[in-house]
Colleague: 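Please read through the structure below; I'll follow up with questions.
Here the structure is a predicted model, which is why all the values come from computation and not from measurement. Chain A is the first sequence line, chain B the second, and so forth, proteins listed ahead of strands; every chain is numbered from 1.
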Amino acid sequence: MSLRRARDRRPPTDYAAFRNAVYAVVARIPPGRVATYGDIARLAGRPRGARLVGRLMADATAPGLPCHRVVAAGGALGGYGSGPAFKTAQLAAEGVIVRRGRLAEFRTRRWVG
DNA sequence: AAACTGACCAACG
DNA sequence: CCGTTGGCCAGTT
């Protein structure tokens, strides 16, 4: 059989299914809690798909999807279509404080399913 | 078809 | 605690 790099690329996942899985996971993040793009990717079955999750969030049109609860690794804020100030405000409304682009208490606020 | 582009991430210095 | 670097993966040029 042909050698494949140990790096072991892509389990053959189809994008549509992955997208649905991502939406489903994001919808389950409780208010006042957050998950990272990488967390979502992993929970949706694509451990190295963090960037794809970012794309999906950027494209997401689904109303009511709490994409503001999806943040970057290490407790950084991560991006947001309507700007970081808006994301910060939405998090603040749930009691999650963001200072200098960092989440306070990220460790304990993080939701891992 | 090759190069570029992200709402990313971990390792390094 | 910053900034850089290399890797990631699908869409867009």
Side-chain angles (χ1 to χ4, degrees):
Chain A
M1 60 190 282
S2 64
L3 296 180
R4 193 168 290 172
R5 301 155 145 272
R7 204 77 98 184
D8 205 6
R9 17 312 271 338
R10 59 320 143 123
T13 311
D14 79 278
Y15 199 55
F18 179 63
R19 186 193 59 220
N20 290 335
V22 166
Y23 286 167
V25 173
V26 171
R28 291 177 47 210
I29 307 174
R33 309 291 302 279
V34 298
T36 71
Y37 296 92
D39 288 340
I40 302 299
R42 178 169 39 75
L43 292 171
R46 189 94 197 186
R48 288 158 209 93
R51 301 193 77 148
L52 299 191
V53 173
R55 168 187 290 290
L56 287 170
M57 292 302 101
D59 292 349
T61 55
L65 190 71
C67 41
H68 61 284
R69 299 186 188 133
V70 184
V71 301
L77 183 57
Y80 202 74
S82 319
F86 195 73
K87 187 172 186 176
T88 296
Q90 285 199 86
L91 287 170
E94 302 182 346
V96 181
I97 312 304
V98 181
R99 244 166 240 159
R100 287 181 234 108
R102 293 267 155 192
L103 299 203
E105 325 240 322
F106 166 65
R107 224 54 187 287
T108 57
R109 296 275 186 190
R110 187 179 188 182
W111 174 86
V112 286

Colleague: What's the CZ-P distance between Arg48(A) and dA10(C), to the nearest Å?
Modeller: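 My rounded result for the distance is 12 Å.
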Colleague: Please list all pairs passing the salt bridge (Lys or Arg N to Asp or Glu O under 4.0 Å) test where one or both residues lie in residues 72-88 of chain A, with sequence neighbours left out.
Modeller: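 Listed once each, the pairs would be none.
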Colleague: Between Val26(A) and Val71(A), is there a shared hydrophobic cluster once you connect ILVMFWY residues whose side-chain heavy atoms come closer than 4.5 Å?
Modeller: no
Colleague: Within this structure, what is the CG-to-C1' distance between Asp39(A) and dC9(B), rounded to whole angstrom?
Modeller: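 Asp39(A) atom CG is separated from dC9(B) atom C1' by 11 Å.
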Colleague: How does the hydrophobic cluster around Ile97(A) look, that is, which other residues are in it when side-chain heavy atoms under 4.5 Å mark a link?
Modeller: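 Noted: Ile97(A) shares its cluster with no other residue.
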Colleague: Spell out protein contact along nucleotides 1-6 of chain C as letters: B when the base is contacted, S when just the sugar-phosphate is, - when no protein heavy atom is under 4.0 Å; keep the 5' to 3' order.
Modeller: ------
Colleague: Rounded to whole Å, please give me the gap between CG in Leu56(A) and P in dC9(C).
Modeller: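 Answer to the nearest Å: 14 Å.
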Colleague: Considering only heavy atoms, which members of residues 21-33 of chain A lie under 4.0 Å from some atom of DNA chain B?
Modeller: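 Result for residues 21-33 of chain A: none.
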Colleague: What residues in residues 80-92 of chain A put a non-hydrogen atom under 4.0 Å from any atom of DNA chain B?
Modeller: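 DNA chain B contact set from residues 80-92 of chain A: Tyr80(A), Gly81(A).
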Colleague: Examine Val22(A) and Ile29(A) and state if one hydrophobic cluster contains both, with Ile, Leu, Val, Met, Phe, Trp and Tyr joined whenever side-chain heavy atoms are less than 4.5 Å apart.
Modeller: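 Same hydrophobic cluster.
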Colleague: Over all heavy atoms of both residues, which pair between Ala35(A) and Ile40(A) is shortest? Give the atoms and the distance, please.
Modeller: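 Closest approach of Ala35(A) to Ile40(A): CB-CD1, 3.8 Å.
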Colleague: Decide whether Met57(A) and Leu91(A) are clustered together by the hydrophobic rule: side chain heavy atoms of Ile, Leu, Val, Met, Phe, Trp, Tyr closer than 4.5 Å, transitively.
Modeller: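 No, Met57(A) and Leu91(A) fall in different hydrophobic clusters.
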Colleague: Considering only residues two or more places apart or on different chains, which pairs with a residue in residues 93-113 of chain A satisfy side-chain hydrogen bond (donor to acceptor under 3.5 Å, both in side chains)?
Modeller: Asp39(A)-Arg110(A), His68(A)-Glu94(A), Arg69(A)-Glu94(A)
Colleague: How close or far is atom P of dA7(B) from atom CG of Asp59(A), stated in whole angstroms?
Modeller: 9 Å
Colleague: Sorted by first residue and then second, give each side-chain hydrogen bond (donor to acceptor under 3.5 Å, both in side chains) pair with at least one member in residues 53-67 of chain A; sequence neighbours left out.
Modeller: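 Residue pairs with at least one partner in residues 53-67 of chain A: there are none.
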Colleague: Mind calculating the distance between CZ (Phe18(A)) and P (dA10(C)) to the nearest angstrom?
Modeller: 9 Å
Colleague: Scan residues 16-29 of chain A for pairs that pass side-chain hydrogen bond (donor to acceptor under 3.5 Å, both in side chains), counting only residues two or more places apart or in two chains.
Modeller: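 Found none.
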Colleague: Of all of residues 104-113 of chain A, which get a heavy atom below 4.0 angstrom from DNA chain B, listed by number?
Modeller: none
Colleague: Report yes or no: is there a donor-acceptor pair, N or O only, under 3.5 Å between the side chain of Arg51(A) and the base of dC9(C)?
Modeller: no
Colleague: I want to check something: taking the side chain as every heavy atom from C-beta on, are Tyr15(A) and Leu56(A) in contact at a cut-off of under 4.5 Å?
Modeller: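 Side-chain contact under 4.5 Å: yes.
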Colleague: What N/O pairs connect the protein and nucleotides 11-13 of chain C at under 3.5 Å? Give each pair on its own line.
Modeller:
residue, atom, partner, partner atom, Å
dG11(C), O4', Arg55(A), NH2, 3.3

Colleague: Rounding to the closest angstrom, what is the interatomic distance between dG6(C) and dA7(B) at atom P?
Modeller: 22 Å
Colleague: Just call it for Ala72(A): base, sugar-phosphate, or nothing, with non-hydrogen atoms closer than 4.0 Å on any strand.
Modeller: sugar-phosphate
Colleague: What pair of heavy atoms forms the shortest contact from Pro66(A) to Ala27(A), and how long is it?
Modeller: CD-CA, 4.2 Å
Colleague: Identify all pairs in which a protein N or O lies below 3.5 Å from an N or O of nucleotides 10-13 of chain B, and state each distance.
Modeller:
none

Colleague: List the atom pairs, donor and acceptor, that lie under 3.5 Å between side-chain atoms in residues 76-86 of chain A and the rest of the protein, sequence neighbours left out.
Modeller:
residue, atom, partner, partner atom, Å
Tyr80(A), OH, Gln90(A), NE2, 2.8

Colleague: Group every Ile, Leu, Val, Met, Phe, Trp and Tyr by side-chain heavy-atom contacts under 4.5 Å, then state whether Val70(A) and Phe106(A) land in the same group.
Modeller: no
Colleague: Atom CZ of Arg46(A) to atom P of dC8(C): distance rounded to whole Å?
Modeller: 12 Å
